[in-house]
Chemist: 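Could you have a look at this structure, given as structure tokens, before my questions?
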Amino acid sequence: MTQPIANCPNCGAKVVFQWPSSVQTVCTYCQSILVRSDVDVKKVGQVADLPPDSSPIQLNTEGIYKNKAFVVAGRILYEYEQGGWNEWHIVMNDGTSAWLSDAQNEFAVSFAAKVPPQSLPNASQVQVEQQYVWNGETYIVTAITIAHYKGVQGELPFQYWDKTDVKFADCRTHTGKFATLDYSDEQPTLYLGEFVEFDDLKFKNLRQFEGW
Amino acid sequence: MFAKLYLLYGFMVLGGIATAQYRGWSLDRISQVKNVPRSIRDNPGAYRSIYSSYHHYTGGK
Amino acid sequence: MGAGQPPIPPQPPRPPQPPGPPAGPAKPQVKSLNCPQCGAAITLRSFQQAVTVVCESCHSILDAKDPNLTVLQQFKAATGELKPMIPLGTRGKLRGTDYEVIGFQRRTIFSDGEQFDWHEYLLFNPYKGFRYLSEYQGHWNDISVCKSEPGIEHRIVDRANYLGEYYRHFQTAEATTSFVLGEFPWQVRVGDPVIVMDFVKPPHILSYEKDKQSGEVTWSVGEYLYGKEVWQAFKLQGQPPEPIGVFENQPSPNTVNLKQLWGRFLLLCACLLGLLVMSDLFSSNKVVFSATYQLASGAPKGEASFVTDVFELKGRESNVEILTEANVANNWIYLNYALIDQDTGRAWDFGREVSYYSGSDSDGSWTEGGRNDKVIVPSVPPGHYYLRIEPEADARHPAISYKVEVHRDVAVFGFYGWGLLILFVPVALLTFKAISFERARWAESDHPILKSESD
């Protein structure tokens with residue numbers, strides 16, 4: 001899986017993109033945000049030290065979702081008025097990217113849905129308690145969150161280093177499924193997934209908490 | 001569990017009834033007397049019924 | 001994203017640094033801070049998850065996200081305020097997972113002018129997250145946030161559907177937080193009103209909470225816990241408080257499936273009926289003796305008693321039924337019977353009365369008694385028998401004609417009546433017990449089963 005090695009344009013350290021789907025990574029030495037193109041690796045930003053947070057997940061944590069092994073490749077730490085949450089970028093053993101979100105230890109796994117963006121409600125339309133049907137399931141918008149990234153770590157399947165506030169609409173079904181409408185880009189993106197029990201993911205290589 | 005026990009209890013009740021029926025038991029109050037002399041056939045008045053002191057109902061409303 | 005970013009100023013390249021040691025265990029386990037109001041030590045137990053923390057000594061509600069712990073609110077706690085039954089910082093094992101008690105709040109609702117308080121303990125595990133224990137008058141619940149969105153269905157009594165299970169609406173009320181201690185992963189203030197709706201499906205409870213200001217809705221699901229389970233989980237001293245009354249989702253002490261029990265009862269009734277039909281069919285019910293006698297009018301002349309002809313009782317040892325039919329009208333006849341075994345001298349002695357009265361009064365016509373009587377003599381072996389009959393009647397009676405009939409081996413219908421009663425008693429008792437419990441449960445709800453006079 002290991003991809004050709006490049007050097008960090010900022011500090012010269014070796015940069016390894018471990019996952020073919022990764023577009024962005026953070027240099028482990030100088031914290032530069034690096035984006036790869038066909039030809040080279042460019043520095044597009046710089047992250048400050050990741051603020052302390054309490055997710056039990058960390059880079060290289062392994063787990064199993066629906067009989068598929070996955071490994072944590074990167075994360076985005078979001079911050080909003082009432083707190084923050086983590087979106088862990090996980091790479092499944094078939095090479096697909098997915099997201100494991102951890103909001104106060106409520107875990108959900110989601111995948112980018114293949115839905116034409118023009119079929120999705122735009123940012124100004126979406127409101128709490130609205131209902132949408134995707135893949136035959138009725139989703140209810142339960143919360144609208146304005147958040148921005150507070151930190152990134154590891155490899156991500158897209159470029160993400162803009163600190164502007166973006167809108168997220170969280171949707172739930174009556175059957176334990178969940179969806180996020182992500183308005184980071186001009187075109188909305190839909191992620192579909194479900195809430196998962198911590199124990200069901202059979203994590204390995206979790207973060208240690210002193211005293212626990 | 002209880003429903004099972006109850007079923008057992010029910011079948012015991014049914015078994016009891018079947019036994020009572022087969023053995024010819026009765027719910028009526030009947031006294032038994034032993035060794036009634038054969039002479040009663042000739043002199044029925046010599047037999048004294050246990051219930052002859054019965055208090056008769058003479059009622060009506 | 002990505003579009004229209006300002007160019008990044010070039011930075012001087014830095015030499016590669018050796019990779020640092022792998023991230024060690026998160027620490028410190030307990031972050032020590034001081035209350036900006038009174039200076040008392042503040043403990044944070046949920047790492048960076050705490051959003052608000054309450055100073056235990058001056059009851060200032062502090063912003064845990066702010067390194068300086070800005071005071072957000074201060075509330076007065078009544079002197080002699082109840083201490084949490086499980087002290088903050090206590091660890092225990094609940095359903096196989098270790099949890100630490102990190103927050104405590106008292107919540108209050110006013111219903112029919114009465115104040116009801118319950119307590120909530122916030123539990124934390126860095127892997128499994130948050131969980132709550134609620135306590136109301138010795139009744140406990142193990143509560144977690146719903147993973148799926150329940151749906152409310154409007155019925156005569158509303159119900160909520162959560163993961164395919166229906167929960168019946170119990171109560172809607174406005175609640176406020178009236179006391180807080182410790183830390184919370186959300187903004188907590190004393191006095192903030194929320195609308196709470198409880199739906200129950202014992203031993204589970206589904207609670208809806210809507211913040212009146214933000215409109216944010218939270219659903220949680222709980223399961224009833226007995227005080228002793230909490231005491232065991234957290235290794236607490238002494239005894240848990242004795243629960244008072246019946247709680248919303250308290251499981252009924254009646255663990256019996258009543259539907260199933262009634263099914264069993266009906267099954268047994270069917271068997272009983274079958275047995276009755278069978279015994280009626282298989283009883284020989286043979287008339288072995290029949291005779292009609294006259295009791296002359298007036299006072300008896302000489303010895304009234306007489307004996308019948310000898311008749312034979314055949315078959316196995318079984319019962320004998322003696323039927324008496326007398327044409328009494330507003331008088332009575334009393335017959336002293338003895339069924340005597342001619343060969344052994346064994347006798348069955350019994351007295352039977354036949355009386356029949358009729359008339360009419362202001363209520364209309366009435367009758368009392370009857371012209372027929374039957375009696376069953378138990379377990380009579382086969383043999384040759386005769387009856388000794390001693391009739392008695394009122395001194396001024398008219399002539400009475402009476403018929404005596406002896407039947408061998410009859411069905412005893414009384415057994416089946418008693419059998420039915422014996423089968424019914426446990427079912428009736430359990431049903432009554434269950435109904436009383438449910439009535440007590442729903443008495444406190446918005447939908448009492450039987451409204452009391454005061455309502």
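Small disclaimer: the values here were computed from a predicted structure and weren't measured. In what follows, chains are A, B, ... by sequence order, proteins preceding strands, each numbered from 1. Side chains included, hydrogens not; waters and symmetry mates left out as well; all remaining heavy atoms used.
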Chemist: For the candidates I40(B), V13(B), D28(B), which exhibits the highest count of non-hydrogen atom pairs separated by less than 4.5 Å from chain C?
Modeler: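 Ranked by heavy-atom pairs under 4.5 Å with chain C, first place is D28(B).
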
Chemist: I'd like to know whether CZ of R23(B) has more than 12 heavy-atom contacts from other residues, nucleotides or ligands below 6.0 angstrom.
Modeler: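 Check fails, neighbour count at 12 or below.
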
Chemist: Is it the case that atom CZ in F437(C) sees more than 12 heavy atoms from other parts of the structure closer than 6.0 Å?
Modeler: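 Above 12, so yes.
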
Chemist: Please look at R264(C) and chain B and tell me whether the side chain, the backbone, both or neither of the residue comes under 4.5 angstrom of a heavy atom of that chain.
Modeler: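 Both backbone and side chain of R264(C) come within 4.5 Å of chain B.
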
Chemist: Side chain to side chain donor-acceptor pair (under 3.5 Å) for D349(C) and Q32(B)? Distances and angles first, verdict last.
Modeler: CA-CA 6 Å; D349(C) 194 297; Q32(B) 277 201 41; over 6 Å; no

Chemist: Does any heavy atom of chain B fall under 4.5 Å from the side chain of I340(C), the backbone, both, or neither of them?
Modeler: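 For I340(C), the contact with chain B is made by the side chain alone.
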
Chemist: Could you check if a side-chain atom of L268(C) sits within less than 4.5 angstrom of a side-chain atom of F11(B), using non-hydrogen atoms only?
Modeler: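 L268(C) vs F11(B): side chains touch.
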
Chemist: I'd like to verify something: which residue of W418(C), Y386(C), F306(C) has the highest number of heavy-atom pairs under 4.5 Å with chain B?
Modeler: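 Of W418(C), Y386(C), F306(C), Y386(C) has the most heavy-atom pairs under 4.5 Å with chain B.
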
Chemist: How close do G315(C) and P382(C) get, counting heavy atoms only, and between which atoms?
Modeler: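 Where G315(C) meets P382(C) most closely, the heavy atoms are O-CG, 3.2 Å.
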
Chemist: Select one option (side chain, backbone, both, neither) describing which atoms of T344(C) are under 4.5 Å from chain B's heavy atoms.
Modeler: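 For T344(C), backbone heavy atoms alone lie under 4.5 Å from chain B.
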
Chemist: Measuring heavy-atom distances to chain B, does N331(C) have an atom under 4.5 Å in its side chain, in its backbone, in both, or in neither?
Modeler: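 For N331(C), no heavy atom lies under 4.5 Å from chain B.
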
Chemist: Sort T367(C) into side chain, backbone, both or neither according to what part of it lies under 4.5 angstrom from a heavy atom of chain B.
Modeler: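 For T367(C), neither part sits under 4.5 Å from chain B.
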
Chemist: Determine the interplanar angle of the Y226(C) and Y224(C) rings, folded into 0 to 90°, and report it as parallel if under 30°, tilted if 30 to 60°, perpendicular if over 60°.
Modeler: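 Taking Y224(C) first and then Y226(C), their aromatic rings stand perpendicular (interplane angle over 60°).
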
Chemist: Report which part of I422(C) has an atom under 4.5 Å of a heavy atom belonging to chain B: side chain, backbone, both, or neither.
Modeler: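 Both parts, backbone and side chain.
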
Chemist: Does any backbone or side-chain atom of V380(C) lie under 4.5 Å from a heavy atom of chain B? Answer side chain, backbone, both or neither.
Modeler: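 Interface part for V380(C): neither.
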
Chemist: Relative to chain B, which segment of L267(C) carries a heavy atom at a distance below 4.5 Å: side chain, backbone, both, or neither?
Modeler: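 Answer is side chain: those atoms of L267(C) sit under 4.5 Å from chain B.
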
Chemist: Can you tell me which portion of F265(C) sits under 4.5 Å from chain B's heavy atoms? Options are side chain, backbone, both or neither.
Modeler: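 The answer is both parts of F265(C).
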
Chemist: On the six-membered ring of Y22(B), is R316(C) placed so that its NZ or CZ lies under 6.0 angstrom from the centre and within 45° of the ring axis?
Modeler: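 The answer is yes, since R316(C) meets both limits relative to Y22(B).
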
Chemist: Side chain, backbone, both or neither: which part of L258(C) has a heavy atom under 4.5 Å from chain B?
Modeler: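 Nothing of L258(C), per the 4.5 Å heavy-atom cut-off to chain B.
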
Chemist: Rounded to the nearest 0.5 Å, what separates atom CG in N372(C) from atom CZ in R352(C)?
Modeler: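 Separation between the atoms: 12.0 Å.
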
